[in-house]
Amino acid sequence: MSDSALYIDKRVPVFPRSVKGFYRNLKTAILILAYGVYFLLPWIPWQRGQGPSQTILFDIVNRRFYIFDLTVYAQDIFWLAGFLIIGAFLLFYITGILGRVFCGYFCFQTLWTDVFIAIERMVQGERNKRIKLANQEWNGRKIFLIATTWILWVLVSFWTGLSFTLYWGEANQLIIDFFTGQAPFPAYATTLFLTATTLVMAGLAREQVCTYMCPYARFQGAMFDKDTVVVAYDSIRGERDNGRLKPDKQNLPAQYRTENEIGDCIDCGYCVQVCPVGIDIRDGIQYQCITCALCIDACNNVMDAVKYPRGLISYTSESNIEGQKGAAWLKPKNLGYAAIILVTSITLIYSMLNKSQIELHVKQVRQPLYIQLSDGQVQNRYDLKVFNKKQTAIELEIGITGLPGAQLDVRPAKRFNVASGESFVLNARVAINPKSLSVDYQEFSFVLKTIDNEESITVSAQHFLPN
Amino acid sequence: MSKEKKSQTVQTTGHAWDGDIQEFNNPLPTWWIWGFYITVVFAIVYWFLYPAWPVGDSYTKGMGNTVEYTTKEGEVVVTHWTTRALYQKEMQAAREQQAVQLAKYSKLSFDEIKKDDAMRAYAISVAKVLFADNCAACHQPGGAGLISMYPSLVDDDWIWGSDYKQIETSIRSGRKGVMPSFSKTLNEKQIDDVAYYVLNYSSKQNDFARVKNGKEIFNTNCAACHTQKGIGNIQLGAANLTDKIWTVAGITAKMKDKDKINSIKQVIKNGIAREMPGWENRFSDLEIKMLTFYVNELGSKQ
């Protein structure tokens with residue numbers, strides 16, 4: 001704190017040391033998978049009857065999203081609500097049981113920071129070299145190394161920003177337009193903005209994003225309980241009665257330590273050095289900890305080297321430490337989350353699979369509600385809107401049922417074509433002799449059929465008579 | 001690491017009041033401070049680029065932000081950045097875009113518009129707005145009109161004809177719907193009989209003596225315009241009396257015959273004097289064309 005001004009809390013830079021181990025490999029695998037999906041998806045071709053041949057395309061201009069074989073129109077926006085509900089509750093559910101696994105393994109802040117640190121290490125070397133470099137006077141070598149790091153960071157950031165932009169246009173064309181200066185302004189603005197945020201968040205802000213900015217990091221504590229899995233240091237074994245001790249020839253054997261009540265922690269500091277948020281896990285559970293589990297890898301490596309059992313730092317839970325066996329999965333809270341996720345998922349999938357490919361909306365013209373015709377018939381009018389969500393154009397025919405003796409006049413025509421993704425507006429005029437009806441208004445239905453009779457939609461309407 | 005450096009004792013700002021009242025120090029993160037500085041710099045840059053400070057009764061206009069647009073009247077305006085100018089510029093672009101689309105219509109015949117679904121739909125949406133702004137005050141938003149005052153445009157009875165040409169003439173030059181009052185020409189009995197006869201056209205009556213009497217009076221006084229068959233004359237705007245539609249008499253299907261006759265008698269006694277103004281000077285030719293097409297589409301044809 002001595003190097004901080006009174007009102008400013010100066011960040012202490014973190015130089016995480018690299019580590020090998022199971023969780024590091026797992027994290028790397030997830031990173032490769034996530035990057036593969038994110039950077040390659042816009043480039044994978046996808047054949048569909050109508051629309052661009054791109055796996056995922058968010059077409060804002062034409063108001064439709066193409067996601068694999070699914071075409072999402074503006075009126076399907078409630079699916080987004082479904083996705084958000086599933087996303088939120090999945091997060092609550094997982095957090096309640098497994099703690100901050102999202103933070104540690106899947107969050108883009110963690111993934112990108114991981115890559116940025118890897119670049120830093122590749123150019124400047126391991127932790128001790130980086131600290132030395134940061135503290136030394138500026139010279140040619142320092143300028144070269146820092147500049148190289150930054151150039152690589154900017155390249156990764158730029159490609160991140162550009163890849164995001166490619167989801168919103170046809171990638172093959174957009175990338176050519178982008179580099180020839182012909183892309184629309186929002187493409188440049190989005191790319192620039194995301195390049196800047198990636199650079200700042202992953203290069204400069206890093207753990208501060210999790211500590212100060214992220215709301216999830218702050219409210220996840222509310223979802224924790226005694227059975228929630230956390231990364232914790234076994235302080236009973238690590239400290240025993242006489243605390244941790246740096247090893248020497250005498251106190252190294254495990255048996256000596258147990259007999260003399262010396263902790264198994266040899267105070268090597270490896271767990272602290274690998275921590276990307278710069279905390280000491282031995283101080284207990286802290287809100288900064290994103291449970292990336294790198295300290296577990298570090299400690300296990302050390303335990304292996306000194307031939308102590310593994311697991312001084314491990315994934316555990318409060319009830320586990322206290323020796324209870326909690327059934328985390330079977331809590332009402334977690335079952336409730338699971339039920340919500342299940343119900344929402346089933347509803348969403350059902351809605352997606354069974355969405356009507358053809359829509360018909362009927363709106364009664366109410367001004368006037370009825371029209372007296374010269375031959376004594378009474379006419380009602382209806383504005384119809386037909387929407388074709390199919391991948392192909394369709395030929396349709398409109399008719400009515402439930403109103404015997406009625407005449408149907410449709411403008412522009414009873415038979416019509418609707419192109420894929422287009423809507424078609426009709427004005428239907430239904431005239432009937434009032435003597436054939438005993439009530440003032442009669443329910444009937446519009447029937448919209450494909451010409452091949454394979455599909456039909458029925459929408460009810462009313463026919464009103466003068467009173 | 002940061003944890004190690006943080007001292008365990010409580011940090012204060014070092015200020016003391018009354019000897020022992022001290023203030024806890026809760027320092028802001030560096031990134032927050034920098035964010036604050038950036039907003040300050042942003043504000044200063046903004047002052048130079050956009051209208052910002054009041055100066056006397058004017059204000060600083062900003063630099064290098066001129067907006068140029070052409071008004072509806074064709075006047076070119078150059079001004080500094082304002083959202084109103086941007087709005088005008090967008091309106092100008094929309095007008096230019098619309099003009100391109102509208103220009104296609106001047107070359108098309110009505111039948112060609114009708115056959116092309118897209119052109120038809122666009123013409124209707126354009127005319128709907130014109131109709132709502134100019135015609136709906138009398139003919140009502142849906143075109144149903146008001147009985148005895150403004151004719152309905154949605155039924156299949158056309159007082160002045162349903163051809164595009166006839167509708168265009170109606171809009172362009174207006175129409176005068178005049179029927180003289182017969183309260184002085186005919187006595188009460190005669191009016192009663194002729195009304196009976198008029199009703200007989202669309203709904204057969206039983207009193208043949210009255211029908212016969214009424215027919216004589218009708219042929220002498222009314223047939224000049226309404227014709228002896230009672231089918232009216234679109235050249236004169238004389239209504240067809242043989243169908244079920246009543247344009248002036250307030251008759252509905254469920255009324256009793258006695259009330260219907262009374263209603264008809266009112267029209268015969270009072271006459272009709274209604275007028276639609278000509279719109280030739282208020283609409284462009286294209287607008288008249290759009291409205292003609294729309295009014296024709298509004299009507300029913302059997």
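Lettering of chains follows the sequences in order, A, B, ..., and the numbering in each one begins at 1.
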Are A:W153 and A:W150 an aromatic pair, judged by ring center distance below 6.0 Å?
yes

A:R381 versus chain B, the contacting section by heavy-atom distance below 4.5 Å
side chain

Take the angle between the ring planes of B:W31 and A:Y212 and call it parallel below 30°, perpendicular above 60°, tilted in between.
tilted

Does one side chain, of B:T13 or B:Q22, offer a donor that lies under 3.5 Å from an acceptor on the other?
no

Give me the ring orientation class for B:W17 and B:H15: parallel if the planes are under 30° apart, tilted from 30 to 60°, perpendicular past 60°.
perpendicular

Using a strict cut-off of less than 4.0 Å between a Lys/Arg side-chain nitrogen and an Asp/Glu carboxylate oxygen, indicate whether A:R11 and A:E207 qualify as a salt bridge.
yes

Which bit of B:D155 is near chain A, if near means a heavy-atom gap under 4.5 Å: side chain, backbone, both or neither?
both

Do A:E239 and A:R244 meet the salt-bridge criterion of a basic N to acidic O distance under 4.0 Å?
yes

Tell me, for A:P412 versus chain B, whether the close heavy atoms (under 4.5 Å) come from the side chain, the backbone, both or neither.
both

Quick one: which residues of residues 247-261 of chain B reach chain A at under 4.5 angstrom, heavy atoms only?
B:A253, B:K254

Tell me whether the rings of B:Y37 and B:W34 are parallel (<30°), tilted (30 to 60°) or perpendicular (>60°).
perpendicular

Do B:D111 and B:S109 have a side chain donor and acceptor closer than 3.5 Å?
no

I'd like to know if B:E297 pairs up with B:K114 as an ion pair, taking the criterion as any Lys NZ or Arg NE/NH1/NH2 lying under 4.0 Å from an Asp or Glu carboxylate oxygen.
yes

For B:L28, is it the side chain, the backbone, both, or neither that has a heavy atom closer than 4.5 Å to a heavy atom of chain A?
both

Relative to chain B, which segment of A:R429 carries a heavy atom at a distance below 4.5 Å: side chain, backbone, both, or neither?
side chain

By a 4.5 Å heavy-atom criterion (distance strictly below it), what part of A:F416 contacts chain B: side chain, backbone, both, or neither?
neither

